[in-house]
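Presented below is the structure to which this report refers.
Per chain, numbering begins at 1; letters A, B, ... match sequence-line order.
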Amino acid sequence: MNLSKQYQPTEIEDRWYAKWMEAQVFKSVPDEREPYTITIPPPNVTGILHMGHILNNTLQDVLIRRKRMQGYNACWVPGTDHASIATEAKVVAMLKEKGINKQDISREEFLQHAWEWKEKYGGIILSQLKKLGASCDWDRTSFTMDPEYSQSVLQVFCDLYEEGYIYRGNRMVNWDPSAQTAVSDEEVNHKDTPGHLYHLRYQIEGSEDEYVTIATTRPETILGDTAIAIHPEDERYTHLHGKKAIVPLLGRAIPIILDDYVDREFGTGCLKVTPAHDTNDHEIGLRHSLEVIDALNPDGTISEAGQLYVGQDRFVVRKQIKKDLDAAGNLVKVEDYNHSVGYSERTDAAIEPRLSAQWFLNMQELSKPALEAVNNGEVQLIPPKFINTYRHWMENVRDWCLSRQLWWGHRIPAYYVKGTNEHVVAMSEAEAVEKARAKTGNAQLTAADLAQDEDVLDTWASSWLWPISVFNGLTQPDNEDINYYYPTNDLVTAPEILFFWVARMIIAGYKFKGQKPFNNVYLTGIVRDDLRRKMSKSLGNSPDPLDLIEQYGADGIRVGMLLASPAGNDLLYKESLVEQGRNFANKIWNAFRLVKGWEVADIEPSERDILALDWMEARVSEVSAEIDDHFEKFRISDALMSVYKLKWDDFCSWFLEFVKPEYGQPIARKTVEGAIDLFEKNLQLIHPFMPFITEELWHGLRDRAANDFICVSKLFKAKTPDMSVLGEMELMKEVISAVRNFRMSKNIPNKEVIELFIQTDDQATFEKYRSLLTWMLKLSKMSFVTEKVDGTGSLRVQAHQLFIPLGAVDIEAEKEKIQKEIVYTEGFLQKVLKKLSNERFVSNAPEKVVAMEKKKQADAEAKLEVLRRSMEELG
RNA sequence: GGGAGCUUAGCUCAGUUGGUUCAGAGCACCUGCCUUACAAGCAGGGGGUCACUGGUUCGAGUCCAGUAGUUCCCACCA
């Protein structure tokens with residue numbers, strides 16, 4: 001067989017993925033096995049794969065593949081999210097490039113373009129996930145705007161409305177003038193922004209030269225001023241009580257009101273009140289029944305109501321009005337001032353607080369079971385540090401603004417009766433007509449008298465149903481799938497969307513299914529570069545995952561991402577991590593080349609073969625238990641590290657070296673079979689992390705039926721490891737390392753055979769491993785002695801003395817080494833004795849601990865004796 | 001302003017209910033090797049006052065308090 005020295009993943013990966021698909025090995029249908037279910041956090045339908053997806057989906061795939069091999073009916077449901085704001089923004093941009101303005105086309109035309117776009121680019125990301133090796137049941141691919149899914153979204157809206165949870169409210173919302181939509185609090189990023197604090201003076205009505213000076217960061221909003229507020233107890237301004245002030249440039253008289261919201265310390269202690277453009281001002285306005293003047297258009301330009309600068313952008317006006325106020329003598333001074341400004345997460349436009357009619361969901365009652373579930377551990381967050389954050393948010397939950405002023409999404413099923421203030425909520429137009437007739441008492445009313453709400457629902461108002469609706473759990477409440485797969489097992493997602501999505505899914509789970517949606521939430525970290533900067537397009541610090549897969553193989557990138565990412569910790573990405581992953585694949589590949597390259601003969605296995613096989617068997621069992629434990633605790637990185645060391649250190653560095661035949665000699669068939677068996681166990685443990693190379697070698701090691709895949713193989717059951725074998729071999733490994741070290745320090749070439757004398761009270765163990773030591777250390781002879789052998793250098797392993805003949809011995813160096821060890825051991829003994837002579841320790845500490853200390857004392861004393869004797873022997 | 005977390009080797013992190021010399025791992029680094037699976041490799045090695053101060057305890061990396069630094073979340077002052 002002619003195998004390349006280096007592993008070439010590309011062709012192998014594509015080939016196996018195609019075979020898996022053909023054999024439908026990832027398909028899941030309910031059966032008698034226990035299900036293990038993950039629903040993918042649906043990526044944006046028009047999104048492309050980034051490093052965060054790689055991390056997130058690799059984790060899911062590792063979990064699902066392992067469970068599949070453990071005999072569960074593993075079901076990983078993939079799909080995409082329609083992502084209303086993000087997708088609509090992309091479609092708008094695409095149309096613009098074609099010279100089409102969204103404002104110039106109808107809703108229907110726009111949606112047609114959007115769907116075309118979705119059909120063309122939607123789901124690219126899913127095919128990219130296949131390159132990564134994601135073992136999803138692709139037949140179950142869902143989309144949040146699938147007909148049946150949409151049905152469930154609208155149904156939920158109607159039901160919640162009927163139950164009184166949904167209401168229509170005039171509220172101050174975060175208005176994104178760029179997307180021209182309201183965005184939720186969570187979608188606003190507050191950033192410290194350098195700006196100015198403008199001190200403006202308003203003339204007091206009826207006075208000649210009496211003024212009141214206020215401070216504002218947004219002078220253009222004076223166009224919407226309807227009051228000046230002062231603190232009721234502010235003695236500086238008592239003379240203004242009951243008076244009115246004149247808005248500069250406009251000449252409008254507005255009342256001076258008293259409100260203890262005003263901070264006397266800030267600015268001048270006088271506050272201009274603009275109810276339409278500031279959340280707090282709005283509340284003050286409500287308290288004082290102030291007029292509301294909406295001086296801004298939806299696109300951020302000044303409205304007719306603003307009277308001046310109509311149609312000009314708010315930022316342009318801010319500059320201009322400063323000049324005009326100055327010219328009019330109203331500008332007192334301008335200070336530099338840094339303040340926090342909200343920006344839209346999606347468009348990065350500065351958010352305007354804006355009064356707007358929106359649909360809201362009352363969260364008070366609904367959130368209670370979801371809070372409880374996390375508090376009592378019914379739903380586990382991993383790592384648990386996120387519980388506090390979750391709790392804090394849930395305890396202070398605000399009503400959810402459900403409507404978005406967009407076209408792409410689920411259109412709100414509310415219908416207004418034209419010419420009235422009435423509205424009805426219904427699943428269909430026909431139903432709406434019926435309801436409207438009943439409500440208005442007008443039996444002649446037709447669809448033409450109704451107008452459906454123009455807005456769509458917030459994206460999260462569909463994705464919060466994800467674990468339910470991918471199984472059609474609302475439209476067909478008792479179907480086989482939902483009953484079998486729900487609640488799902490694990491959710492893997494980013495902490496950034498703990499509230500947007502996770503919390504709301506839990507709420508929805510309890511509300512609509514009466515059950516939690518999943519048992520565990522594994523929160524990944526954020527992928528950053530090695531300077532701790534978030535990976536972003538604008539910084540250009542994110543590699544293209546597909547390039548990496550091309551270069552290092554999917555297995556390599558999977559391992560690279562997982563090597564350094566404990567749950568909840570950010571992952572500092574470096575290309576060297578992926579290199580390490582690729583190198584590991586290469587290591588496995590070369591182990592395979594070695595095993596396949598052996599010349600096999602029908603001879604009896606050698607003694608060392610048997611020792612090696614017994615030990616490796618025990619070691620695989622031991623590590624397998626370790627890995628079980630890691631997985632149980634979601635320590636995926638640790639599990640990978642265990643696998644990595646088992647393969648690299650134990651299997652390759654030790655085991656294969658143990659059984660390697662002498663140059664030119666054949667190897668026993670039984671040894672090879674044993675080695676292959678162990679290799680396969682390794683492959684099974686590695687498979688969830690590196691699906692491709694393991695599948696390739698699974699078929700390379702043995703002749704197998706084409707459909708005998710490792711990915712659906714039954715993971716071996718670990719035996720109870722033979723601890724004495726493990727312990728003995730640990731000693732032998734120490735001996736081997738010590739002798740190697742000795743060779744190195746004495747410049748004895750590796751090829752040169754040496755003689756070894758052993759002084760020990762455990763001759764039996766050394767005797768047992770004679771063949772192994774002889775092979776590994778290139779011994780010409782191994783014998784036991786009772787005292788130091790002349791002309792040798794000595795070394796110690798635990799309480800055993802080893803002597804190796806030397807031409808010239810550096811006695812002084814030897815003595816120095818021994819002396820050092822004596823000092824160290826004496827220090828250690830002192831510490832132990834001090835402990836043991838402490839009455840309170842002996843009486844208070846558990847017996848076991850005291851016994852341990854006594855054993856330490858005995859061991860140290862024995863060791864000292866050996867050391868001192870060696871010292872004497874050296875003269 | 002409110003809340004939560006973090007601080008252990010050059011870097012990224014483990015360290016389970018306090019108890020073996022407990023101070024660890026991977027990477028990086030240093031030294032020697034192209035040894036007939038692999039230089040994407042082999043063998044060997046150095047490196048930390050567990051942020052600081054105090055307390056509890058027979059015993060503290062581990063528990064408590066304070067200090068400093070740092071990160072995140074929530075709210076937001078015009």
Looking at [N], which nucleotide sits across from it as a Watson-Crick or G-U wobble partner, both distances under 3.5 angstrom, or is there none?
N	answer
B/rG59	none
B/rC29	B/rG45
B/rU35	none
B/rA68	B/rU7
B/rU16	none
B/rA23	none
B/rG1	B/rC74

Rounded [atom1] spacing from [N] to [M] in Å:
N	M	atom1	result
B/rU12	B/rC34	P	36 Å
B/rA14	B/rU7	C1'	15 Å
B/rG10	B/rC52	P	14 Å
B/rU8	B/rU49	P	12 Å
B/rG54	B/rU70	P	24 Å
B/rA60	B/rC50	C1'	11 Å
B/rG47	B/rU31	C1'	15 Å
B/rG5	B/rG46	P	39 Å

Do [X] and [Y] sit within salt-bridge range, that is, some charged N less than 4.0 Å from a carboxylate O?
X	Y	answer
A/Lys778	A/Glu752	no
A/Arg318	A/Glu220	yes
A/Asp529	A/Arg533	yes

How many whole angstroms separate atom [atom1] of [X] from atom [atom2] of [N]?
X	N	atom1	atom2	answer
A/Asp638	B/rU16	CG	C1'	12 Å
A/Trp393	B/rG5	CH2	C1'	20 Å
A/Leu523	B/rC72	CG	C1'	13 Å
A/Phe651	B/rA37	CZ	P	14 Å
A/Arg398	B/rC74	CZ	C1'	10 Å
A/Tyr644	B/rC13	OH	C1'	16 Å
A/Leu795	B/rG44	CG	C1'	14 Å
A/Asp629	B/rG15	CG	P	12 Å

Nearest-neighbour nucleotide for the [X] side chain, [options] considered:
X	options	answer
A/Asp278	B/rC73, B/rG5, B/rC77	B/rC77
A/Ser653	B/rA40, B/rC42, B/rG15	B/rC42
A/Phe499	B/rA40, B/rC73, B/rA37	B/rC73
A/Gln580	B/rC27, B/rA37, B/rC42	B/rC27
A/Thr217	B/rU12, B/rG5, B/rA78	B/rA78
A/Lys587	B/rA37, B/rU35, B/rU31	B/rA37
A/Thr389	B/rC73, B/rA37, B/rA78	B/rC73
A/Asn583	B/rA37, B/rU36, B/rA40	B/rA40
A/Lys645	B/rA78, B/rA25, B/rA14	B/rA25
A/Lys574	B/rC11, B/rA37, B/rG26	B/rC11

**Prompt:** Under the salt bridge (Lys or Arg N to Asp or Glu O under 4.0 Å) rule, what pairs show up with a residue in residues 551-574 of chain A, not counting sequence neighbours?
**Reply:** A/Asp61-A/Arg558, A/Arg528-A/Asp570

**Request:** Could you list the residues that satisfy side-chain hydrogen bond (donor to acceptor under 3.5 Å, both in side chains) with A/Arg619, not counting sequence neighbours?
**Result:** A/Glu622, A/Asp650

For a quick test of reading the model: is some side-chain N or O of [X] closer than 4.0 Å to OP1 or OP2 of [N]?
X	N	answer
A/Asn280	B/rC77	yes
A/Asn741	B/rG45	yes
A/Lys778	B/rU35	no
A/Arg740	B/rC42	no
A/Arg635	B/rG15	yes

With a non-hydrogen cut-off below 4.0 angstrom, is [X] in contact with a base, only sugar-phosphate, or nothing?
X	answer
A/Asp281	nothing
A/Asn586	base
A/Leu271	base
A/Lys660	base
A/Trp648	sugar-phosphate
A/Ser737	sugar-phosphate
A/Asn569	sugar-phosphate

**Request:** Given ring-ring contact (aromatic ring centres under 6.0 Å, His included), test A/Tyr390 with A/Phe386 step by step and report yes or no.
**Result:** CA-CA 6 Å; A/Tyr390 179 88; A/Phe386 287 107; over 10 Å; no

**Message:** Please determine whether the number of non-hydrogen atoms from other residues, nucleotides or ligands lying under 6.0 Å from atom NZ of A/Lys322 exceeds 12.
**Reply:** no

So does [Y] get a backbone contact from the side chain of [X], meaning a donor-acceptor N/O pair under 3.5 Å?
X	Y	value
A/Asn586	A/Tyr7	yes
A/Glu13	A/Ala554	yes
A/Lys587	A/Lys647	no

**Message:** If you assign A/Arg218 and A/Arg528 each to the RNA chain B nucleotide with the nearest heavy atom, which residue ends up on the more 5' nucleotide?
**Reply:** A/Arg528

**Closest-nucleotide ordering on RNA chain B, the 5'-leading residue of A/Arg582 and A/Lys385** = A/Lys385

**Message:** Can you say whether a donor on the side chain of A/Glu579 sits under 3.5 Å from an acceptor on the base of B/rA40, or the other way round?
**Reply:** no

**Request:** Return yes if the base of B/rA37 and the side-chain atoms of A/Glu657 contain a donor-acceptor N/O pair under 3.5 Å, otherwise no.
**Result:** yes

